[in-house]
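Everything below concerns the one structure shown next.
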Amino acid sequence: MSDSHLTFYSPSSILALLPLFFIFFILIKRKQTKPRLNLPPGNMGWPFLGETIGYLKPYSATTIGEFMEKHIARYGTIYKSKLFGEPAIVSADAGLNRFILQNEGKLFECSYPRSIGGILGKWSMLVLVGDMHRDMRVISLNFLSHARLRTHLLKEVEKHTLLVLNSWNQNCTFSAQDEAKKFTFNLMAKHIMSMDPGEIETEQLKKEYVTFMKGVVSAPLNLPGTAYRKALKSRSTILKFIEGKMEERVKRIQEGNESLEEDDLLNWVLKHSNLSTEQILDLILSLLFAGHETSSVAIALAIYFLPGCPQAMQQLREEHGEIVRAKKQAGEVELTWDDYKRMEFTHCVVNETLRLGNVVRFLHRKALKDVNYKGYDIPCGWKVLPVIAAVHLDPSLFDQPQHFNPWRWQNHGGSGGGGGCPSNKSTAANNNFLAFGGGSRLCAGSELAKLEMAVFIHHLIINYHWELAETDEAFAYPFVDFPKGLPIRVQAQSLI
């Protein structure tokens with residue numbers, strides 16, 4: 001071997017390398033002493049995409065889908081995955097879901113994909129966190145107060161219900177889903193900006209909103225011709241319209257020319273908040289979205305479920321027939337708050353519709369700190385997905401969960417068929433019913449949504465008999481939708 005292939009180390013060169021050896025030693029030691037995370041079992045799937053495609057594959061809304069069934073069977077109710085481009089912990093565990101919602105802002109935080117914020121707006125209540133979300137929610141709760149529900153909104157809900165139902169022709173087939181959307185959109189447009197149904201500007205706004213909604217629930221591809229790109233364009237048009245309304249209102253408020261009919265959210269926000277124009281625009285758009293879409297789907301689900309349960313239909317007719325007869329004897333026409341409170345079985349139907357249909361399937365959260373739950377580690381920064389539908393359809397919590405059974409909610413949520421003392425499962429049912437979320441992000445419009453459903457069911461059940469005109473069922477995309485629009489055929493009837 002020649003000298004050129006030999007390497008000599010002098011004492012000075014060895015001393016120069018000592019810092020590098022020391023750093024290397026520290027890194028090795030730290031790696032050895034760092035506690036090993038006990039992550040839940042699971043499969044991270046493909047690079048970047050992970051298991052997102054399988055997770056979002058459409059399935060019947062009254063099930064949790066093949067993907068979730070297989071994962072729960074293999075890994076349990078808490079498992080790891082990679083979803084929406086991030087490592088995630090998926091929870092079908094009732095206890096963990098409650099724990100997540102109860103620790104909002106402390107251990108967990110709302111974390112929806114950027115595409116949602118891009119289309120609903122950065123000031124949307126859905127994506128806001130912390131103090132700003134609290135302030136926006138307080139505004140919504142003040143406007144949707146119990147007193148306002150009783151004195152103002154009940155009348156508006158009944159008025160808009162009758163506008164839709166009175167337009168139905170006998171023995172014709174139409175989309176129940178479209179009719180439910182017409183009802184909730186008209187109600188929210190009136191409630192938010194005092195826009196009357198049937199007017200040109202209301203119909204124009206509705207048309208833009210339909211395009212907008214298609215983009216909200218589509219793949220976030222901002223490319224020419226895509227639903228998402230069209231929705232962004234419609235969003236811009238809708239915001240310009242709302243801003244024009246704002247400018248008109250501000251001018252009238254300054255001139256003292258307000259109309260008594262403008263007792264709406266827009267006036268309330270302009271008078272009682274310090275929100276910027278951008279914040280008001282996003283707030284109104286997000287409330288229009290939340291108040292219209294979820295309530296209309298819930299009403300369509302009730303129309304879908306009830307014909308399959310004749311006993312429930314009969315009990316509803318009896319309950320609402322009694323209310324109508326009592327009002328006739330008293331010489332009253334409009335529903336009162338006392339009438340609404342008397343709709344006890346109707347409230348059971350509302351709960352059961354929301355439990356079985358699961359309008360909101362899962363929530364997006366992320367861990368703010370390292371969290372340990374039942375021996376599993378949830379690393380800080382990981383996405384956490386509480387799957388509400390999986391809990392609502394859990395046979396260990398709800399007897400025959402795929403069966404439409406409103407009587408499970410009687411007697412403090414009793415799980416039996418019409419009576420008896422509350423069982424352990426009935427208590428569990430109440431504790432694990434999270435149709436409107438929970439904790440500090442409990443849906444601000446939950447009471448309005450239940451009022452809408454009850455009043456719509458009241459007038460539907462006393463005035464019409466209906467049947468499904470063709471086979472259709474609710475699917476989760478993951479948003480809930482009827483592929484054929486839920487075609488129904490109606491015949492007028494009277495319970496008076």
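Values in this document were obtained by computation on a predicted structure and should not be read as measured data.
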- Task: Test R325 against E322 for salt bridge (Lys or Arg N to Asp or Glu O under 4.0 Å), laying out the working first.
- Result: CA-CA 5 Å; R325 286 188 288 273; E322 288 179 9; 5.3 Å; no
- Query: Do W407 and Q311 have a side chain donor and acceptor closer than 3.5 Å?
  - Reply: no
- E344 atom CD, neighbour heavy-atom count above 12 within 6.0 Å: no
- Quick one: do N405 and Q400 satisfy side chain to side chain contact (heavy atoms under 4.5 Å, CB included)? Show the steps, please. CA-CA 9 Å; N405 176 15; Q400 297 180 298; over 6 Å; no
- Task: Test ring-ring contact (aromatic ring centres under 6.0 Å, His included) on H191 and F143 and set out the steps.
- Result: CA-CA 10 Å; H191 174 53; F143 191 72; 4.8 Å; yes
- Can a donor-acceptor pair be found between the side chains of Q491 and W466 at a distance below 3.5 Å? no
- Query: Near K327 NZ, under 6.0 Å, is it more than 12 heavy atoms from other residues, nucleotides or ligands?
  - Reply: yes
- Return yes if a side-chain donor-acceptor contact under 3.5 Å exists between D338 and T336, otherwise no. no
- Query: Will you find, in the side chains of T62 and Q402, an N or O donor that is under 3.5 Å from an N or O acceptor?
  - Reply: no
- Item | Taking every non-hydrogen atom, the tightest pair across G198 and E203 | N-OE2, 3.4 Å
- Message: Classify the ring geometry of W337 against H146: parallel below 30°, tilted from 30° to 60°, perpendicular beyond 60°.
- Response: perpendicular
- Can the ring centroids of H347 and Y340 be said to lie less than 6.0 angstrom from one another? yes
- Under 3.5 Å, is there a donor-acceptor pair linking the side chains of E452 and H160? no
- Query: Looking at CG of L149 and CG of L154, how far apart are the two atoms once the value is rounded to the nearest 0.5 Å?
  - Reply: 8.5 Å
- For residues E319 and Q315, is any side-chain donor paired with an opposing acceptor at under 3.5 Å? no
- If every non-hydrogen atom of A367 is compared with every non-hydrogen atom of V384, which pair is closest and at what distance? N-CG2, 4.1 Å
- Message: Do F212 and L120 have side chains that approach each other closer than 4.5 Å (heavy atoms only, starting at C-beta)?
- Response: yes
- Item | Validation row: S91, L385 side chains within 4.5 angstrom (heavy atoms) | no
- Message: Please evaluate residues E109 and R365 with respect to the criterion side chain to side chain contact (heavy atoms under 4.5 Å, CB included), reporting the C-alpha separation (whole Å), side-chain torsions for both, the decisive distance (0.1 Å), and the verdict.
- Response: CA-CA 5 Å; E109 184 177 79; R365 297 291 185 267; over 6 Å; no
- Candidate pair L316 and L306, rule side chain to side chain contact (heavy atoms under 4.5 Å, CB included), full reasoning: CA-CA 10 Å; L316 282 173; L306 283 169; 3.7 Å; yes
- Query: For H364 and K383, what are the C-alpha separation, side-chain angles and deciding distance, and is it a side chain to side chain donor-acceptor pair (under 3.5 Å)?
  - Reply: CA-CA 7 Å; H364 289 260; K383 180 176 281 291; 3.2 Å; yes
- Message: Apply side chain to side chain donor-acceptor pair (under 3.5 Å) to residues S440 and E104 and explain how you reach the verdict.
- Response: CA-CA 7 Å; S440 62; E104 180 75 36; 5.4 Å; no
- Are any side-chain N or O atoms of S175 and backbone N or O atoms of G485, one a donor and one an acceptor, separated by less than 3.5 Å? yes
- Between W409 and F398, what is the ring plane arrangement, given parallel below 30°, perpendicular above 60°, and tilted in between? tilted
- For A454 and H320, work out which heavy atoms get closest and say how close. O-CE1, 4.5 Å
- Message: Would you say E86 and W382 are linked by a side-chain donor-acceptor pair, where the criterion is simply a distance under 3.5 Å?
- Response: no
- Item | No-hydrogen, no-angle side-chain donor-acceptor test under 3.5 Å, D472 and Q177 | no
- Crowded around L49 CG? As in, over 12 foreign heavy atoms under 6.0 Å? yes
- Partner residues of P41 under the side chain to side chain contact (heavy atoms under 4.5 Å, CB included) criterion, sequence neighbours left out: Y75, Y376
- Of the non-hydrogen atoms in R489 and A469, which two are nearest, and what is the gap between them? NH2-CB, 3.9 Å
- Message: Any heavy-atom pair between the side chains of T173 and E470 that's under 4.5 Å?
- Response: no
- Contact check, side chains of V90 and I78, non-hydrogen atoms, under 4.5 Å: no
- Roughly how far, to the nearest 0.5 Å, is OG of S295 from CZ of F185? 14.0 Å
- Find out whether K159 and E334 are in side-chain contact, i.e. whether some heavy atom of one side chain is under 4.5 Å from a heavy atom of the other. no
- What about the rings of F362 and Y55, do their centers lie closer together than 6.0 Å? yes
- Query: For the atom pair CE (M195) and NZ (K190), what is the distance rounded to the nearest 0.5 Å?
  - Reply: 10.5 Å
- Going by atom types only, do N432 and R98 share a side-chain donor-acceptor pair under 3.5 Å? yes
- Item | Point-to-point distance, once rounded to the nearest 0.5 Å, from CD of E447 to CG of L144 | 10.0 Å
- Query: F482 and Y304: aromatic ring centres closer than 6.0 Å?
  - Reply: yes
- Query: Which residue pairs satisfy the side chain to side chain donor-acceptor pair (under 3.5 Å) criterion with at least one member in residues 282-292, sequence neighbours excluded?
  - Reply: T184-H292, R235-D282
- Query: Are side-chain heavy atoms of F289 and T294 found at a separation under 4.5 Å?
  - Reply: no
- Item | side chain to side chain contact (heavy atoms under 4.5 Å, CB included) involving A92 - partner list, sequence neighbours excluded | I72, T77, A390
- Determine yes or no for a side-chain-to-main-chain donor-acceptor pair under 3.5 angstrom, with Y373 supplying the side chain and L96 the backbone. yes
- Task: Can you measure from CZ (R317) to CE (M313) and round to the nearest 0.5 angstrom?
- Result: 4.5 Å
- Task: Using distance alone, with no hydrogens and no angle criterion, decide if E51 and S81 have a side-chain donor and acceptor under 3.5 Å apart.
- Result: yes
- Task: Verify whether the ring centers belonging to Y79 and H71 lie closer than 6.0 Å.
- Result: yes
- Query: Which atom pair, heavy atoms only, marks the closest approach of A300 to L486?
  - Reply: O-CD2, 3.2 Å
- Task: Check step by step if side chain to side chain contact (heavy atoms under 4.5 Å, CB included) holds for Q493 and N463.
- Result: CA-CA 5 Å; Q493 67 172 14; N463 290 300; 6.0 Å; no
- Does L335 offer a backbone N or O that forms a donor-acceptor pair with the side chain of E158 under 3.5 Å? yes
- Note on the structure: Between the CD1 atom in I299 and the OG1 atom in T161, the distance rounded to the nearest 0.5 Å is 7.0 Å
- Item | E332, CD: over 12 other non-hydrogen atoms inside 6.0 angstrom | yes
- Query: What do you reckon, is NZ of K484 surrounded by more than 12 foreign heavy atoms closer than 6.0 Å?
  - Reply: yes
- Side-chain contact, heavy-atom cut-off 4.5 Å: V324 with H458? yes
- Task: Grab the two heavy atoms, one from A435 and one from L354, that are nearest each other, plus how far apart they are.
- Result: CB-CB, 3.8 Å
- Query: Between F345 and V350, is any pair of side-chain heavy atoms under 4.5 Å apart?
  - Reply: no
